[in-house]
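In what follows, every chain begins at residue 1, and chains take the letters A, B, ... in the order their sequences are listed.
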Amino acid sequence: MTPADLAFFVLAAVLLASALGVVFTRNPVHAVLLLVLTFFNAAGVFILLGAEFLAMLLIIVYVGAVMVLFLFVVMMLRVDPAKMRAQGRAALPLGLLVAGVLMAEMAAVALSFAALPGAASPAFALPEGVTDARALGRVLYTDFVYPFQVAGLILLIAMVGAIALTQRARPDIKRQSVADQTARRPGDAMEIVKVTPRTGA
Amino acid sequence: MDAVVEFFAWLWAFWPLRVVVWTLVVTIGVLLAVAYLTYAERKVMSAMQRRQGPMTVGPFGLLQPVADGVKLFAKEMVIPAQADKTLFLLAPMGLFVLALAAWAAIPFDKGWVLANLNVGVLYVLAISSMAVYGVVIAGWASGSRYAFLGGLRSAAQMVSYEVSMGLIIVCVVLCTGSLNLTEIVEAPRPAWMQLLLFPMLVVFLISILAETNRAPFDLPEGESEITGGFMVEYGSMAFALFFLAEYANMILMSAMTTTLFLGGWLPPFGIGALAVVPGIFWFVAKTAAILFFFIWARASLPRFRYDQLMRLGWKVFLPFTLVWVVVTAGAVLAFGGGV
């Protein structure tokens, strides 16, 4: 067994264990942290495969940004375990149904997988003497430029949608307007009055 | 005698040993730098405020960091009854480990780097983006409202400024055409490129202040509002780990700025005659200059209000860096160079 094999088995074992932990742990915050550990080990497996760039992206995007937001939401919840268990039992049939449909769909996709038209093959070999970041960029911006742009557009729509749903005008709160503040001159707020003695202003 | 030398040569050929030794050298170097950074901070700030600073422990107070360390070691560790014990103890450890792990990819001199990664920039960015967890978990696991609020604040702040930092790094990468930190240092930088990157250096310097939770962006520990922020429940060695991690991160971010913008170990202003001085000296000198900026900012600027901090990050830095990425990409295409 080479050191790389050993590293793979350790990473894979921790990955599976922590993924199971995500599902079985009672405390939602612990679940999120175990998911972070899962992502970490997945990044390790990517590095073993020579995909350093993807590994770093996985950590920066999922661990560094997405999971932080998850953690934010989960930490704010005060979950009562007993109540949650009762609710979980009630939702079991529906949950099983959704899980079954998802499994069937994934199986259907996996069995009928085909490369996009125009692409040479689903797997691209890394060209000699080119870093994986550069190779990935070349593939994304040439063979897959349209799917790539569409993916970006979908993300943009999701972003605009989220902002449009949560944004609301609040007339009852006072906000700082920096432009107003810097445009303010002494003449707008002050009046200098020459007061003659014993007459008042 | 020869046998001893031969024995050590044989031992040295064994690569895991080399890795361990060099890692220890870098780690101990960083920890010593942290200890004397706290001393330098107190001395510089006291000079700016016309005080003496530490001066009783050892000559010129030089042993003050040692005394502080011993004090923190000797104190009793208190774990709040409400705390999630495992996470309460894991958070400072994690933060400290992350603050040290990122040093693996920093080139101190030509070839002086623990791991010459092809994706060195992303590695440092990934490690520094993990630091948010240490802070949030510390705040949550303490089981205290003040700590929790401090943790949330700190996390929102660190995530916000990471976005513009990422875009700034994209500009640098566009100009140098590599993600490898050694290649970034060595890439030729014509005048137009330096002109383009200068505004990014300014934004980056401000962003690293926010990223490391330092004044004037030290809201997570704004003592007038939320006491000690996320580390309010921590004392003794756990607090010391937070403290060490904060200062190690400061030095790390200064080293990153040196590597990305100031030419790392190369002599300043491209003066070839200065290359007789070892590169590590220039690297340390440039890093120290940026650390001085950190301390200078702390001594002279009042703390930002939270909404001002968020506005600066999202409404000023983010659009500006976003536009600048496009400008840089256009300039690289027009003037050649880069990729």
Side-chain angles (χ1 to χ4, degrees), chain A residues 3 25-37 39-40 43-44 46-47 50-78 126 129-138 141 163 173-179 181, chain B residues 15-16 84 86-87 90-91 94 98 105 115 117-137 139-141 143 147-149 151-156 158-160 162-163 165-166 169 173-174 177-180 183 305-308 310-312 315-316 339:
Chain A
T25 182
R26 289 269 153 79
N27 188 330
V29 172
H30 292 177
V32 171
L33 291 176
L34 283 168
L35 192 54
V36 169
L37 187 61
F39 280 135
F40 237 122
F46 270 136
I47 290 177
E52 296 154 348
F53 182 68
L54 281 183
M56 294 304 147
L57 278 199
L58 185 72
I59 292 183
I60 293 174
V61 175
Y62 281 92
V63 178
V66 175
M67 293 317 292
V68 174
L69 297 182
F70 256 69
L71 199 60
F72 253 63
V73 175
V74 167
M75 281 194 319
M76 307 260 201
L77 305 173
R78 280 265 174 263
L126 201 59
V130 176
T131 60
D132 60 336
R134 196 164 293 206
L136 197 70
R138 280 186 193 160
Y141 286 99
I163 293 171
I173 55 169
K174 196 177 169 208
R175 276 190 198 284
Q176 180 185 20
S177 166
V178 174
Q181 282 180 349
Chain B
W15 68 266
D84 183 324
T86 329
L87 291 182
L90 267 178
L98 287 173
L117 296 175
N118 274 332
V119 287
V121 187
L122 294 179
Y123 171 76
V124 176
L125 199 65
I127 295 290
S128 72
S129 73
M130 292 287 302
V132 183
Y133 285 97
V135 171
V136 172
I137 291 306
W140 182 81
F148 186 52
L149 284 175
L152 287 185
R153 266 193 186 190
S154 188
M158 288 161 97
V159 170
S160 305
E162 228 149 61
V163 182
M165 272 176 68
I169 290 176
V173 170
L174 274 174
S178 172
L179 292 169
N180 181 314
E183 282 172 31
R305 215 173 54 214
Y306 197 71
D307 62 318
Q308 290 173 329
M310 282 298 170
R311 206 184 65 88
L312 183 69
K315 292 188 179 172
V316 180
V339 186

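- If you take CZ on A/Phe53 and CG on B/Leu179, they are separated by 6.5 Å, rounding to the nearest 0.5 Å.
- Of the atoms belonging to A/Leu33, it is side-chain heavy atoms, and not backbone ones, that fall under 4.5 Å from chain B.
- With rounding to the nearest 0.5 Å, the separation of CD1 in B/Ile127 from CD1 in A/Ile60 is 9.5 Å.
- Taking the side chain as every heavy atom from C-beta outward, B/Met130 and A/Phe40 approach each other to under 4.5 Å.
- Under the side-chain hydrogen bond (donor to acceptor under 3.5 Å, both in side chains) criterion, B/Arg305 pairs with A/Gln176, B/Asp307, sequence neighbours left out.
- The most heavy-atom pairs under 4.5 Å with chain A, out of B/Val136, B/Val159, B/Val163, B/Asn180, come from B/Val136.
- The backbone N or O of B/Gly177 sits less than 3.5 Å from a side-chain atom of A/Arg134, completing a donor-acceptor pair.
- With respect to chain B, the highest number of heavy-atom pairs below 4.5 Å among A/Asn27, A/Val63, A/Leu57 belongs to A/Val63.
- With sequence neighbours left out, B/Asp84 forms a side-chain hydrogen bond (donor to acceptor under 3.5 Å, both in side chains) with A/His30.
- B/Leu125 has its side chain out of reach of A/Met56: every pair of non-hydrogen atoms, C-beta onward, lies at least 4.5 Å apart.
- Neither the backbone nor the side chain of A/Val61 comes within contact range of chain B; no heavy atom of the residue lies under 4.5 Å from a heavy atom of that chain.
- Note that CG of B/Leu152 and CE of A/Met75 are 5.0 Å apart. Values are rounded to the nearest 0.5 Å.
- Taking all atoms of both residues into account, the shortest heavy-atom contact from B/Ala155 to A/Phe72 is CB-CE1, 3.5 Å.
- Taking CG of B/Leu122 as the reference point, atom CG of A/Leu54 lies at 11.0 Å (rounded to 0.5 Å).
- At least one side-chain heavy atom of A/Leu71 sits under 4.5 Å from a side-chain heavy atom of B/Ile137.
- Using a distance-only test at 3.5 Å, with no hydrogens or angles considered, no donor-acceptor pair links the side chain of B/Tyr133 to the main chain of A/Gly64.
- Heavy-atom contacts from other residues, nucleotides or ligands closer than 6.0 Å to OH of A/Tyr62 number 12 or fewer.
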